[in-house]
Chemist: 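Have a look at the structure that comes next, please.
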Amino acid sequence: ITTFSSFFDPNAPGLGLPGNISTSFGSLTLTGGATIQSGVFAGSQGGSVSVVATGPVVISNGGGIASEAFFNDVGNITISAPQIIVNNGFISTSTLQSGRAGDISITAGTLTLENGGQIASASIAEALGRGGDVHLNVGSLTIGGRSPTGGSVLPPPFDRFFPEAR
């Protein structure tokens, strides 16, 4: 769980690479900015994130699942649950410099994106790599509504590149 701030000192000794995150839940709710994330915006690379749930996964009110980086490749995100709701939240793999954004794979009975909920894999700004692939294996998909603020729910600085979530 994280807030929308971080610190990075490129001259600090002993900086390690982020690890992969593998989780298993009965159900999962991420809300109010809570995030499962490998890597940080100013970090060298992002690890992979895997979420498996036997019950619903609800991502809302600025919550998200992400892998992001600045210099190198970004890890993949894999989510499997019977029901996934992204309500004014996000699932994102993104990079800003060199490297490739990770793939996103979602397996669910139902997937709902509402109130600006986003799934995004992007290589943006001056990034040299490409965005990742998004794979959806879902029984039903529902998409509707804008973000309550009218803007993107992605974490900074990626929200500036996707300003109008729909």
Chemist: For G47 and S38, which heavy atoms make the closest approach, and how far apart are they?
Modeler: N-OG, 2.9 Å
Chemist: Is there a side-chain contact between T110 and I84 in this structure, where contact means two heavy atoms from C-beta onward sitting under 4.5 Å apart?
Modeler: no
Chemist: Using distance only, find each side-chain donor-acceptor pair of residues 101-109 under 3.5 Å and give its atom names and separation, not counting sequence neighbours.
Modeler:
residue : atom : partner : partner atom : Å
D103    : OD1  : R100    : NH1          : 3.4
D103    : OD1  : R100    : NH2          : 2.8
D103    : OD1  : D133    : N            : 2.8

Chemist: Do the non-hydrogen side-chain atoms of V58 and L28 ever get within less than 4.5 Å of each other?
Modeler: no
Chemist: Compare every heavy atom of I59 with every heavy atom of G63, then report the nearest pair and how far apart it is.
Modeler: O-CG2, 3.1 Å
Chemist: Where is the tightest heavy-atom contact between S92 and F90, given as atom of each residue plus distance?
Modeler: CB-CD1, 4.0 Å
Chemist: Going by heavy atoms in the side chains, are I36 and I21 under 4.5 Å from each other?
Modeler: yes
Chemist: Can you name the side chain to side chain donor-acceptor pair (under 3.5 Å) partners of Q83, sequence neighbours left out?
Modeler: none
Chemist: Check A69 against G46 and note the closest heavy-atom contact, atom names and distance.
Modeler: CB-N, 3.6 Å
Chemist: So, using side-chain contact (heavy atoms from CB on, under 4.5 Å) as the criterion, who are the partners of N61 when residues are at least two apart?
Modeler: T31, N88
Chemist: Locate the shortest heavy-atom distance separating A81 from G55; write the atom from each residue and the value.
Modeler: CB-O, 3.7 Å
Chemist: Could you grab the distance from atom OG1 of T93 to atom CG of N76, nearest 0.5 Å is fine?
Modeler: 7.5 Å
Chemist: If every non-hydrogen atom of S67 is compared with every non-hydrogen atom of G75, which pair is closest and at what distance?
Modeler: OG-N, 3.2 Å
Chemist: Which residue in the set N137, I143, I119 passes side chain to side chain contact (heavy atoms under 4.5 Å, CB included) when paired with L111?
Modeler: I119
Chemist: Would you sort out whether E114 and I85 count as a side chain to side chain contact (heavy atoms under 4.5 Å, CB included), showing the intermediate values?
Modeler: CA-CA 8 Å; E114 56 192 8; I85 300 170; 3.7 Å; yes
